[in-house]
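Whatever order the structure lists ligands and atoms in, that order sets their numbers, starting from 1. Since the structure is predicted, the reported quantities are computational estimates derived from the model, not experimental observations.
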Amino acid sequence: MNPFAPFPALRPRRLRQADWIRRLTAETHVRRDDLIWALIIHDGRQARMPVAAMPGVERLDIDSAVGAAIEAREAGIPAIALFPHIDSAKKDGAGAEATNPDGLVARAVKAMKAAAPEVGLMVDVALDPYTDHGHDGVLKDGRILNDESVARLVDQAVLLAEAGADIIAPSDMMDGRIGAIRAALEKAGKQDTLILSYAAKYASAFYGPYREAIGSAKALTGDKKTYQMDPANSDEALKECALDVAEGADMLMVKPGLAYLDIILRVKEAFALPTFAFQVSGEYAMIKAAAANGWIEEERAILETLTAFKRAGADGVVTYFAKQAAELLI
Ligand code: PBG
């Protein structure tokens, strides 16, 4: 049954005739509180190094990352997500540097938490920044070994929690890693550490610029299709989320964002848990490149995409635009 009066009694444009009425009737709002700022850090000498494929994004040294944490606090951004670019001389087949207690991310977490303890810090758990083959897990005879990888990821997660990370975010897509990490955190006395699982993570072309940002582009042999999901699948995302929730995930991530709004909607409806979208490097680069050419309006495109994630049901968005967006939002 159609409950609406027919035209001309109902004229939907009445509600769109002026800015004040559009603001009053807007169904979705993006706020600074919805932002997680994706930040690249490096162990190089320069304070800041531009990432060519991501104009406006720079790899930061630890001092600059501390400055960014203070900026986040001042801008009202609740949390930062850290991604490391590791010197290629420190990469090896096993990703040994991932479990160096004095490694880049652990040191950055300590310094940032000391300077701006009010800002939540989220860290990626995966081996790809540290392996010379660029895969997220342990590679043997051309295969990614699941359980051997999980054992390494557990060590990485505990080490980062002990360094002071607030949110552990496994982005590796190995089976059983959330349960193993949760149990290890509990054992280590880290029962308050949050887990935001990259539960529905797709094997996507939109990670391209990120691989330049963290220096794994040249390294990567083959693709990640034996662990990351097929973009054709939707029911499978619910299965992945259900397992991670049962294993102890506090929050869920859908990644990439814009091409997967239907997945965000289904995940939010199915689990009613805090659900985040990751506006990944390729999404960032497309907006920046088109805007640089004068083909789209950058600020409008940023706000429109962030609004789309919220409208689809996301509670928040991990985005390289966070700092720029915060200036446009309340
Ligand atoms: C890998 C990881 C990736 C991203 C975050 N963690 C890339 C990949 O899975 O290949 C992508 C982030 C982005 O594109 O912005 N553990």
Side-chain angles (χ1 to χ4, degrees), residues 35-42 51-59 80-86 91 95 97-98 104-105 122-139 144 146 149-150 152-153 156-157 160 165 167-174 177-178 181 195-231 240 253-260 276-289 302 305-306 309 317-323:
L35 302 171
I36 300 176
W37 188 7
L39 217 62
I40 315 279
I41 53 175
H42 76 162
V51 176
M54 300 177 72
V57 169
E58 295 166 312
R59 298 177 193 145
I80 288 177
L82 289 177
F83 301 93
H85 177 284
I86 301 296
K91 298 188 186 192
E97 183 63 17
L104 173 65
V105 180
M122 168 168 145
V123 292
D124 218 50
V125 167
L127 300 182
D128 58 317
Y130 307 96
T131 52
D132 55 16
H133 46 71
H135 280 289
D136 295 26
V138 176
L139 180 70
I144 303 297
N146 193 83
S149 300
V150 170
R152 301 272 304 118
L153 298 166
Q156 184 186 20
L160 293 172
I167 307 177
I168 296 294
S171 70
D172 55 285
M173 290 298 281
M174 297 301 132
R177 88 273 208 227
I178 299 299
I181 290 171
I195 298 181
L196 199 178
S197 173
Y198 286 79
K201 175 166 176 179
Y202 289 85
S204 171
F206 293 102
Y207 308 145
Y210 174 84
R211 305 224 171 114
E212 183 213 323
I214 69 152
S216 67
K218 276 195 214 92
L220 187 65
T221 45
D223 57 48
K224 301 192 176 185
K225 290 180 184 170
T226 70
Y227 45 106
Q228 298 180 348
M229 284 174 47
D230 182 342
E240 286 284 0
M253 179 95 78
V254 174
K255 180 183 178 185
L258 206 57
Y260 298 87
F276 293 84
F278 198 138
Q279 183 171 44
V280 299
S281 56
E283 300 176 60
Y284 175 91
M286 286 195 300
I287 290 176
K288 282 286 182 186
I302 293 170
T305 51
L306 293 176
F309 296 128
V317 186
V318 181
T319 176
Y320 301 91
F321 284 122
K323 186 71 202 316

query = Side-chain donor-acceptor pair under 3.5 Å between Y198 and D124, yes or no?
reply = yes

message = Against ligand 1, does Y284 come closer than 4.0 Å with any heavy atom?
response = no

query = In the protein, what heavy atom is nearest to atom 14 (O) of ligand 1, and what distance, to one decimal place, separates them?
reply = S281 OG, 2.7 Å

query = Could an N or O of ligand 1 be found under 3.5 Å from any N or O of Y198, whether backbone or side chain?
reply = no

task = Decide yes or no for E240 and M229: does some side-chain heavy atom of the first lie under 4.5 Å from some side-chain heavy atom of the second?
result = yes

query = Does at least one non-hydrogen atom of E283 fall below 4.0 angstrom from an atom of ligand 1?
reply = no

query = Is ligand 1 less than 4.0 angstrom away from at least one heavy atom of D136?
reply = yes

ask   = Hey, what's the ring geometry for F321 with Y284, parallel, tilted or perpendicular (30° and 60° as the breaks)?
value = tilted

Nearest neighbour in protein (non-hydrogen) for atom 6 (N) of ligand 1 = D124 OD2, 3.1 Å

request  = Scan M173, H135, M174 and name whichever one has a side chain to side chain contact (heavy atoms under 4.5 Å, CB included) with S149.
outcome  = M174

Within-shell test, K201 vs ligand 1, heavy atom, strictly < 4.0 Å = yes

key: Protein heavy-atom partner closest to atom 8 (C) of ligand 1 - residue, atom, separation in Å   = K224 NZ, 3.4 Å

query = Can you name the salt bridge (charged side-chain N to carboxylate O under 4.0 Å, His left out) partners of K224, sequence neighbours left out?
reply = D128, D136

inquiry  = Holding to side chain to side chain contact (heavy atoms under 4.5 Å, CB included), I want the full list of residues that pass it with A199, two or more places apart in sequence or in another chain.
reply    = S197, C241, D244, L252

key: SB check D230 K225 (cutoff 4.0 Å)   = no

note = The closest protein heavy-atom partner of atom 5 (C) of ligand 1 is K255 NZ, 2.6 Å

message = Under a 4.0 angstrom heavy-atom cut-off, which atoms of ligand 1 come close to A126?
response = 16 (N)

request  = Under 4.0 Å from a heavy atom of Y320: give me the atoms of ligand 1 that qualify, with their elements.
outcome  = 12 (C), 13 (C), 15 (O)

query = Any side-chain donor-acceptor pair under 3.5 Å between T305 and E283?
reply = no

key: atom 10 (O) of ligand 1 - nearest protein heavy atom and its distance   = R211 NH2, 2.6 Å

query = Tell me: protein heavy atom nearest atom 1 (C) of ligand 1, and distance?
reply = D128 OD2, 3.0 Å

message = Among all protein heavy atoms in this structure, tell me which lies nearest to atom 16 (N) of ligand 1, with the distance rounded to 0.1 Å.
response = S171 OG, 2.7 Å

ask   = With under 30° as parallel and over 60° as perpendicular, where do the rings of Y210 and F83 fit, or are they tilted in between?
value = perpendicular

